[in-house]
Each structure stands twice: as C-alpha cells, then as structure tokens.
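Right, one structure below, let's go through it.
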Amino acid sequence: IGLPDFTAEGINLALGGLNEGISPADMAAAYSAIANGGVYITPTYYTKVTDSQGNVVYEPKQEEKRVMSEQNAYVESDILKEPTKPGMTASYCAMQGMDVAAKTGTTNESYDRWLCGFTPYYTAVTWFGFDLNETIKFNGKNPSGQIWSAVMKSIHSNLDNAKFDMPKSGIETATICPSSGLFAFSECPGAYTEYFIKGTSPTE
C-alpha cells in the first residue's frame with residue numbers, strides 16, 4: 001500500500017545510530033555545519049603543501065554546501081546549549097562568558113561514549129571506546145566528555161568571550177509554559193523564553 005521501507009538501517013539512522021558506525025571526523029563535520037550557520041564544509045587534515053622554498057605546490061579543495069537555513073542552525077545551536085547548564089549531562093563543558101553547544105552520546109550496553117560540541121570558535125568531537133565492542137566502565141563523568149572539556153577549555157583559555165551570532169532576520173521569541181510546551185499564560189509557573197524560526201512559535 002505504498003508504506004515507506006522501514007529497514008533496520010533506516011530506523012537506526014533515525015534514532016541516531018548506524019550499523020557500520022561513524023567516525024569522529026564525520027561527526028565533527030556534521031556539527032561544524034550547525035556551527036557554520038548551516039553550511040557544510042568538506043573536512044581536510046592539512047592546509048597546504050609547500051616545497052623547500054616555501055612555494056605552495058598543493059592546497060586541498062574544500063567544497064561548501066548549505067544544508068540547513070541560518071535560522072534553523074541558530075535555533076539548533078541554542079537548543080544544544082541546554083546540556084551544558086547546571087545539573088545537565090554536559091554541565092562540566094560550560095565555559096564562563098562563552099556560548100558552548102554540546103551533546104553527549106551513549107550506545108547500547110555502553111559500548112561507546114561521545115561528546116560532540118562547538119563554540120563560536122571551534123568544533124570538536126571525542127569518542128571513547130574499544131576497537132571491539134566492550135562495555136565501558138567508569139565512575140563519575142562521561143570519559144569522552146572529560147577529554148572534550150579539558151582540550152576545549154585549554155584552547156579557549158586566551159580567547160575573548162563570544163556568543164553565537166543570531167541571524168539578522170527570521171528569528172522570533174515566545175514565552176513558553178514548560179508543562180505544555182505551548183504559549184504561556186500569565187499563571188503558568190516556570191515560564192521561559194524560547195527561540196523559534198519566524199512563524200513557527202506556538203500561538204495556542
């Protein structure tokens with residue numbers, strides 16, 4: 001009757017998993033697209049090749065492609081700031097005066113631990129696990145997240161405070177009721193302000 005082909009691979013992808021796995025480099029490229037305002041840039045591992053006289057003999061060809069709107073990327077960046085707030089899964093990745101977006105990840109049976117995230121300056125991804133699947137046992141914080149936090153805090157230590165750039169148009173705010181996810185009425189406890197792509201904020 002024309003139903004979509006819900007293969008195991010398709011379901012895994014929708015839930016954030018892949019049968020053959022994915023590399024930290026691929027994940028970094030994906031998160032960089034959000035950090036770059038929705039523009040995907042082909043990753044490279046070098047900037048140029050020079051000869052003994054310093055002449056450039058080869059440079060990588062990086063292609064740029066818009067994969068989401070600037071507004072969508074900003075809203076997603078704002079959502080990804082939530083895990084770095086006190087009491088959340090990546091609170092230890094927060095940096096004073098710096099916007100930080102982060103997402104922790106754990107696969108079935110704790111075979112893999114991830115931390116994917118970015119600031120206005122850099123995107124970084126760390127993975128912690130074994131070549132052959134084995135449950136990761138640790139005490140306390142996500143070991144992948146601890147690596148991410150240590151490296152990123154070090155390279156940001158002398159950088160100016162920075163926030164994610166909001167697009168000049170196409171973003172609106174609304175006061176939301178946390179118990180319903182709808183527009184907050186005056187008696188709603190814990191109401192908060194949320195960013196939306198213009199025209200998508202709740203009106204009910």
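Quick caveat, the model's predicted, so the values are computed rather than measured.
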*asked:* Donor-acceptor check, side chain of Asn72 to backbone of Met68, threshold 3.5 angstrom: yes or no?
replied: no
*In terms of ring plane angle, is the pair Tyr122 and His156 parallel, tilted or perpendicular, where the classes change at 30° and 60°?*
perpendicular
*Main-chain N/O of Trp114 paired with Asn142 side-chain donor or acceptor, under 3.5 Å*: yes
*Determine, stepwise, if the pair Tyr74 / Phe164 fulfils ring-ring contact (aromatic ring centres under 6.0 Å, His included).*
CA-CA 8 Å; Tyr74 179 78; Phe164 297 135; 7.5 Å; no
*asked:* Would the distance check show the side chain of Glu134 and the main-chain N or O of Tyr111 forming a donor-acceptor pair, the cut-off being under 3.5 Å?
replied: no
*For the residue pair Phe118 and Trp148, what are the closest heavy atoms and their distance?*
N-CZ2, 3.9 Å
*Check whether more than 12 heavy atoms from other residues, nucleotides or ligands sit under 6.0 Å from atom NZ of Lys153, and answer yes or no.*
yes
*Taking atom CZ of Phe128 as the centre, does the number of heavy atoms from other residues, nucleotides or ligands within less than 6.0 Å exceed 12?*
no
*Apply side chain to side chain contact (heavy atoms under 4.5 Å, CB included) to the pair Ser144 and Leu115, showing each step before the final yes or no.*
CA-CA 6 Å; Ser144 184; Leu115 197 296; 4.1 Å; yes
*Heavy-atom count around Asn55 CG within 6.0 Å, excluding the residue itself: above 12?*
yes
*Could you grab the distance from atom CG of Asp99 to atom CG of Leu80, nearest 0.5 Å is fine?*
11.5 Å
*asked:* Could you report the tightest heavy-atom contact between Pro43 and Ala29, atom names first, then the distance?
replied: CG-CB, 3.5 Å
*Would you say the side-chain atoms of Gln62 pair up with the backbone N or O of Thr42, donor to acceptor, closer than 3.5 Å?*
yes
*Kindly check if the number of other-residue, nucleotide or ligand heavy atoms within 6.0 Å of OH (Tyr40) is above 12?*
yes
*If you draw a 6.0 Å radius around NZ in Lys163, do more than 12 non-hydrogen atoms from other residues or ligands fall strictly inside?*
yes
*With no hydrogens and no angle check, do the side chains of Ser110 and Thr135 hold a donor and an acceptor under 3.5 Å apart?*
no
*Could you check if a side-chain atom of Met27 sits within less than 4.5 angstrom of a side-chain atom of Tyr31, using non-hydrogen atoms only?*
yes
_Test item: Thr89 and Lys103 side chains (from C-beta on) under 4.5 Å apart, heavy atoms_ = no
*Does a side-chain heavy-atom distance below 4.5 Å link Ile171 with Lys198?*
no
*Can Thr47 and Glu59 be said to form a side chain to side chain contact (heavy atoms under 4.5 Å, CB included), step by step?*
CA-CA 6 Å; Thr47 56; Glu59 289 183 291; over 6 Å; no
*Crowded around Glu63 CD? As in, over 12 foreign heavy atoms under 6.0 Å?*
no
*Hey, are Ser201 and Glu172 close enough side-chain-wise for a donor-acceptor pair under 3.5 Å?*
yes
